[in-house]
Structure formats: C-alpha cells, structure tokens
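These notes are about the structure you will find just below.
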Amino acid sequence: MLLRMSTLFLRTLREDPADAEVPSHKLLVRAGYIRRVAPGIYSWLPLGKIVLENVTRVVREEMDRMGAQEVLFPALLPRDYYEATGRWTEYGDTLFRLKDRKGSDYLLGPTHEEMFTDMVKGEYSSYKDYPVTLYQIQTKYRDEARPRAGILRGREFVMKDSYSFDLDDDGLKHSYEQHREAYIRIFDRLGIDYRICFAMSGAMGGSASEEFLAPCPTGEDTFVACHNCGYAANAEAVTTSAPPAVTAEQPALEVLDTPDTPTIESLVDHVNEHFGLGITPADTLKNIVVKVRTPGSDKVETLVIGVPGDREVDFKRLEAAVAPGIPEIFEAEDFARHPGLVRGYIGPQVLASLGITYLVDPRVVTGSAWVTGANEPGKHAAHVVAGRDFQPDGTIEAAEIRAGDLCPRCAHPLSIDRGIEIGHIFQLGRKYADAAGLDALGPDGKPIRVTMGSYGVGVSRAVAVVAEQRHDALGLTWPREIAPADVHIVGTGKENQIEVATQIAEELESRGLRVLVDDRPGVSPGVKFKDSELLGLPTVLIIGRGLAQGVAELRDRATGTKEEIPLAEAVDRVLAACQA
RNA sequence: CGGGGCGUGGCGCAGCUUGGUAGCGCGCUUGCUUUGGGAGCAAGAAGUCGCAGGUUCAAAUCCUGUCGCCCCGACCA
C-alpha cells in the first residue's frame, strides 16, 4: 500500500472543531479521519476508513481463530422479530423505527439477539449440530438520548456481536471462556489498556458477565480496582464486604427528642450535643423510600432502603440491584398515601407492621446498633439494633462506592477510576431460547433447551478509545497494528528530496510495508512536520536538508526519538523499525 | 426529559449592549519570493448573518415564535 499525500483525500485542520470536547474527537477530526454529518453520526475519510478496517481485521482474525463463524444480518429489520421478545416496545425511544411504503413497521437493528436465535433455530435441530458460535461485524443503530464525544458514543456505530449456542451450562462456560481469551488477544493487539471488570447483566438477563473497560478520564463508566489481588468491577457490580455480626449486648432502644434535624449532619450534631453519644454520620441509619415499577405492567412496589448515614444511595447501583424493576423517586403524594412513613424520620422499627419491604446495606449486620428515625416528626431513636428492633428483609447493593472502600476479595482498599466499555461478555442463559423455543433434539428423542452467550466489541468505539489513550500534545500516536500505514516518509526541501522520498516509498512498498509519502510540492517543512505528528503514524522517515550529505532522519512518533541515518541504509532501517 | 451555552463564507471567531457599508484569522485561487518547524508580499473567489413573522425609512443587531447544535445529569458497544 502506498498513499501519496499529493493526491490523498485529506485536509487537516489547524484548530479544534468547536463541537469537540474530548481528545479523540478533536484529533480524529483535526487529522482528517472523520467528519460529522449529524449528532452521533460520522463519515470516515480515507485514513479513518483504513484504521477502522484494521480494527475490524484484528477482531475478525481473532473471532475466526476461536472458531466462530461470520454471518451478516441486515441492519433494516421487520418488526415481528422484535415483537416476539417484547423488545419492540421494551427498547423504547432508543429504537430507530420506520415504516415502509405499505405502512409496515421496520426498525434499524440496535442489537441482533433475535436474528441470531432465529437463524440457528431455522437451520439446526439436532444435538449433534451443537455447539456453534456465530458472529457478525455490523452497523448498529441506537437513537441515544444523548450521543456525545464524537465517535465514542454515536447513534450509528460498528459493533462485533457474537452468540454462542450450547446444550448445557458447562458448554456455555467453555464458550464464554473462549470469548474471554479472544477478547484479551483482540484488545492486546489493538494496543488498548483495559481492565476486565465484573459487571451486572442488567436488563439483558443472564448470569455471569464481565466488561472490558478502557481506563480513561473521559470514560462514562465507573469501576473499582484492587491493586493487591487484581479484583476489578464495574461500580454497579461491586459487592460490599460486611463486617462480622455484633454479639455484644446493646443498650435498650431509646427515643430522643431531635427537633429541626432534617439532615444527617444536623442530627449528629444535635445528638452529640444533647445526649453525649459521640456518634458520627456512619453510626446513623438513613432510610430512603423508593418505588419500584415492574416494566410492562402497572405494578409498583414500595421499598425502603437502609444505608449508613455517611453514604448516599447511588441511583445507578440501585437500578442495577432492582433490575429488571425500575426504581423511581418517592414523591410527596406517595408519602401522603403512606401516613406510616414520616418523611425525614423514617425508622425501620415499623416497616414490618406496615408490610413494606426493607432492604439494608450489607454493613447493617445483625447486632449492629444505629441512630435512626423514630417514625415521629422531630424524634429519632438510638440503640436501634438490627435483628432485635427490626428485621431486614435482605441486603441490597445501593450505597455509593468510595475510593478506599475495602476489596470484597482481599480487604485491601479499592481505587476508583473511569473507563470506556469496549467489550462485554456474558452468559445469557435461556431467555432468548425460551422466547424463540430454540431446542435441539437430544439423543433420547427429547428436546434440549439451548443456552446462549452474548458477546460484543465496540469496533468503531475502539478506534476512538485508541485515540483517547494514545495521543500527545502534537497529535495521534497509533499502534502499528491499526495505524493507517507503517511509515510516513516526509520529503522536504528544494532539491530532489521529494523524488528521493518517493523512490524510497516505492521500495518500501515493494518490500511489503504500508507507506504514506508526503510528496506535496511547495509545502513548507513546518506544515509537513505538523501534519505528520497529527496523523500519528508510528515511524517517520524524513528526507530533507541532509540529503546532500546522504543523510536521512528516522523518527519514532510515540517515543519522539530521532536519529540521523545514512540514506543508503534508510530502507533497511525503516524495515527493521517496522518489524520490531 | 431536567439544567447551561451557542447558531455570522469550508473551519475557528468578532460585530449585537447603543439598528445605518458584514469584518478578522485559518484554509482556498493566481503571481513572485521562501524551504528543518503550521513562511512573506501582492491580487482574488467565497456569506439567504439557522428559519419564520413583527417593529422601523432602515434589522446580523430590537421583539415574538420556531428549528437545530454542543455541554452537564438519568440510558449503553
């Protein structure tokens, strides 16, 4: 491959685009890789298209290597496939819907579980056919509430999605492990820094689930990591380690007059001042009321959640914890309907008699004593003991996570970072097979319900993530595997530098390298150097002022090292650099 | 959907308070000079000032409405 900048369809921008905020967005636009056409929708210019194809190639090679077989579904799909699983309505506004000329409903596929399941059902019927894993690399459409950060979160994006079909749980585990290994190879080859995090399976249903998160300040996901034992988890999936149960005898419950103490801080101050208890916010028990709506029905359950007073309820964690239920704020009118719940002074002592479910943070262990509401305006209760004065219906992971919280596996302090989800693997189980009635006929003549795994890689997002993780003040610094070319040869000077640069470019191309040569006449050296740095090819060879002395300059874009080399050795030295 | 900001040549912006000739930088075209860090000089091309209505002798500027976009929060590869 030999690209000549004199004819390459490329225009670099000197200034950041006004609508870009994150580095990958700014740089990909400035370097002429992508252009915006609508919110969350981008065109790929020649260099960007090459990078995207390179990522695609890596993903495809690794999927093929693990034995998955590539298929391709349409992006334009009829409604009925998504009707069977209820997702035509469940997916809500995120689904791009359209009608054909006859008025029939269609959609642009946001994901393809239904299609894969249906395809396997149509072709396979015997246990001898299984297991099988299929994948596709496809453009997906999601009408995101808020597309953002350029290509990082678009409404149209390229995704590799695959599905494994197995006859039993062990088979599913094996398929899952194979994917895990394939993903590790993929992201290693792409040069992405990532963590494999425990995840919630969320609305998709299913059990084991892990996310591949690329640590990045602009990331939208929060994850914790333990630097001692290697544990990592999405914030929603972190489990809280419970302290041991308290066996010591506790004083009897005591109701205290606590007027004007609407906040935890005011309560703590008041109690310490008037009753000398010496408590901290962590000794109080804060009780939050929420409504949990069951999707697709009118059923709404009232739920009270007890968390230590020094912590907020993390709504995302709460959502994950009550999934597939949808938590909603308990409004003033809801309080009006539940006179037993005294806003600001709720204590768990009365919940059982009110018939309200009470779930507590795991720190609220049996025997622990708390200062909490007394279910009367202006009154709180002290020495309220779990297991004695109230009986929780269970625990819930809804309290916020903080840096320094203890690792659930080894009890070392956890760190908190942000990351971008680039891959997600999980064991779906039989939800879609159930919906589709996907069975294999077993050796005994009886049907076996197939169990599935679902696995995704954000292909176009990976391009942005690499740009996000690998750039400097001057521009992009692609890893060789996905760079638009191996080497950028810059010819600059008023003698025959451009001719020589072109000759070397042709020689390197014939030796199997992918080459970009800057053969633009009359363009000043500064412009060429700046463009070279912006574009970010890993190796740069400059044929410039040293030509008369038979000298070229070899640069490494990422490290910034520069070396003068004899022109006669240029081809070999570039080859060596590109093969290192 | 809630909150904030912005719509002016291809890109980045000023002008709007106090109505009166549409301006700057980059990019683009032509010529000459320049060639190791986004060159210089000269001459050019290119704008329904988001859209609609209103006020006015006169609207980018004032008023009303409307559309769109970006950013921050609830959703996800």
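In what follows, chains carry the letters A, B, and so on, assigned in the order in which the sequence lines appear, proteins first and then strands, with residues in each chain numbered from 1.
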Candidates [options] - which lies nearest the side chain of [X]:
X: Glu533(A); options: G37(B), G36(B), G38(B); answer: G37(B)
X: Ser524(A); options: G36(B), C76(B), A39(B); answer: A39(B)
X: Glu553(A); options: G36(B), A77(B), C11(B); answer: G36(B)

Any donor-acceptor N/O pair, Gln497(A) side chain to Gly544(A) backbone, under 3.5 Å: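 Between the backbone of Gly544(A) and the side chain of Gln497(A) there is a qualifying donor-acceptor contact (under 3.5 Å).
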
Sugar-phosphate only, base, or nothing, as touched by [X] at under 4.0 Å among non-hydrogen atoms:
X: Arg520(A); answer: nothing
X: Ile420(A); answer: nothing
X: Glu144(A); answer: base
X: Gly32(A); answer: nothing
X: Asp531(A); answer: base
X: Gly456(A); answer: nothing

Check: Arg573(A) and Pro566(A) side chains under 4.5 Å, non-hydrogen atoms: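 No - every pair of side-chain heavy atoms lies 4.5 Å or more apart.
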
Side chains of His179(A) and Thr133(A) in contact at under 4.5 Å (non-hydrogen atoms): yes

RNA chain B: 5'-proximal contact among Gly154(A) and Gly544(A) (nearest heavy atom): Gly544(A)

Toward the 5' end of RNA chain B, by each residue's nearest nucleotide, Gly493(A) or Glu220(A):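 Nearest-nucleotide comparison on RNA chain B picks Gly493(A).
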
Could you tell me how far apart [X] ([atom1]) and [N] ([atom2]) are, to the nearest whole angstrom?
X: Phe529(A); N: A39(B); atom1: CZ; atom2: P; value: 12 Å
X: Asn234(A); N: C76(B); atom1: CG; atom2: P; value: 11 Å
X: Leu45(A); N: G10(B); atom1: CG; atom2: C1'; value: 13 Å
X: Asp518(A); N: U35(B); atom1: CG; atom2: C1'; value: 13 Å
X: Leu213(A); N: C76(B); atom1: CG; atom2: P; value: 14 Å
X: Arg155(A); N: C69(B); atom1: CZ; atom2: C1'; value: 11 Å
X: Lys140(A); N: A77(B); atom1: NZ; atom2: P; value: 11 Å
X: Glu113(A); N: A77(B); atom1: CD; atom2: C1'; value: 12 Å

Letter per nucleotide, 5' to 3', of nucleotides 23-30 of chain B [B base touched, S only sugar-phosphate touched, - untouched; heavy atoms, 4.0 Å]: --BSSS--

Separation between the [atom1] atoms of [N] and [M], rounded to whole Å:
N: C13(B); M: C71(B); atom1: P; value: 14 Å
N: U55(B); M: G12(B); atom1: C1'; value: 34 Å
N: C62(B); M: A58(B); atom1: C1'; value: 13 Å
N: C72(B); M: G9(B); atom1: P; value: 25 Å
N: G47(B); M: U21(B); atom1: C1'; value: 15 Å
N: A59(B); M: G68(B); atom1: C1'; value: 22 Å
N: G44(B); M: U64(B); atom1: C1'; value: 42 Å
N: U56(B); M: C51(B); atom1: P; value: 23 Å

Look through every strand shown and name the nucleotide pairing with [N] as Watson-Crick or G-U wobble, where both distances are under 3.5 Å.
N: A42(B); value: U30(B)
N: U61(B); value: none
N: U48(B); value: none
N: C24(B); value: G12(B)
N: G68(B); value: C6(B)
N: C1(B); value: G73(B)
N: U35(B); value: none

Close aromatic pair by centroid cut-off 6.0 Å: His25(A) and Tyr42(A): yes

Donor-acceptor pair under 3.5 Å, Arg30(A) side chain vs G38(B) base: yes

Partner of Tyr183(A) under side chain to side chain donor-acceptor pair (under 3.5 Å), chosen from Glu62(A), Lys160(A), Glu210(A):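 Of Glu62(A), Lys160(A), Glu210(A), side chain to side chain donor-acceptor pair (under 3.5 Å) with Tyr183(A) is met by Lys160(A) alone.
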
Ionic contact status for Arg557(A) with Asp472(A), cut-off 4.0 Å: yes

Cationic N near anionic O, under 4.0 Å, Asp417(A) to Arg195(A):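 Result for this pair is no, no salt bridge flagged.
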
Single hit among Ile192(A), Leu213(A), Leu152(A) for side chain to side chain contact (heavy atoms under 4.5 Å, CB included) with Ile420(A):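 Exactly one option meets the side chain to side chain contact (heavy atoms under 4.5 Å, CB included) with Ile420(A), and it is Leu152(A).
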
Flag if over 12 foreign heavy atoms under 6.0 Å of OH, Tyr141(A): yes

Report, one pair per line, the protein and nucleotides 70-74 of chain B atoms (nitrogen or oxygen only) whose separation is under 3.5 Å.
{"from": "C70(B)", "atom 1": "OP1", "to": "Arg36(A)", "atom 2": "NH1", "distance (Å)": "3.3"}
{"from": "C70(B)", "atom 1": "O3'", "to": "Asp19(A)", "atom 2": "O", "distance (Å)": "3.4"}
{"from": "C72(B)", "atom 1": "OP1", "to": "Arg148(A)", "atom 2": "NH2", "distance (Å)": "3.3"}
{"from": "C72(B)", "atom 1": "OP2", "to": "Arg146(A)", "atom 2": "NH1", "distance (Å)": "3.0"}
{"from": "C72(B)", "atom 1": "OP2", "to": "Arg146(A)", "atom 2": "NH2", "distance (Å)": "3.1"}
{"from": "C72(B)", "atom 1": "OP2", "to": "Arg148(A)", "atom 2": "NE", "distance (Å)": "3.2"}
{"from": "A74(B)", "atom 1": "O3'", "to": "Glu319(A)", "atom 2": "OE1", "distance (Å)": "3.1"}

How many angstroms lie between atom [atom1] of [X] and atom [atom2] of [Y], to the nearest 0.5 angstrom?
X: Ile425(A); Y: Glu177(A); atom1: CD1; atom2: CD; result: 7.0 Å
X: Glu61(A); Y: Thr56(A); atom1: CD; atom2: OG1; result: 11.0 Å
X: Arg142(A); Y: Leu95(A); atom1: CZ; atom2: CG; result: 10.5 Å

G38(B) OP1/OP2 closer than 4.0 Å to side-chain N/O of Lys530(A):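 Looking at the OP1 and OP2 atoms of G38(B), neither is under 4.0 Å from any side-chain N or O of Lys530(A).
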
Closest non-hydrogen atom pair between Arg30(A) and Pro17(A), with its separation: CG-CD, 4.0 Å

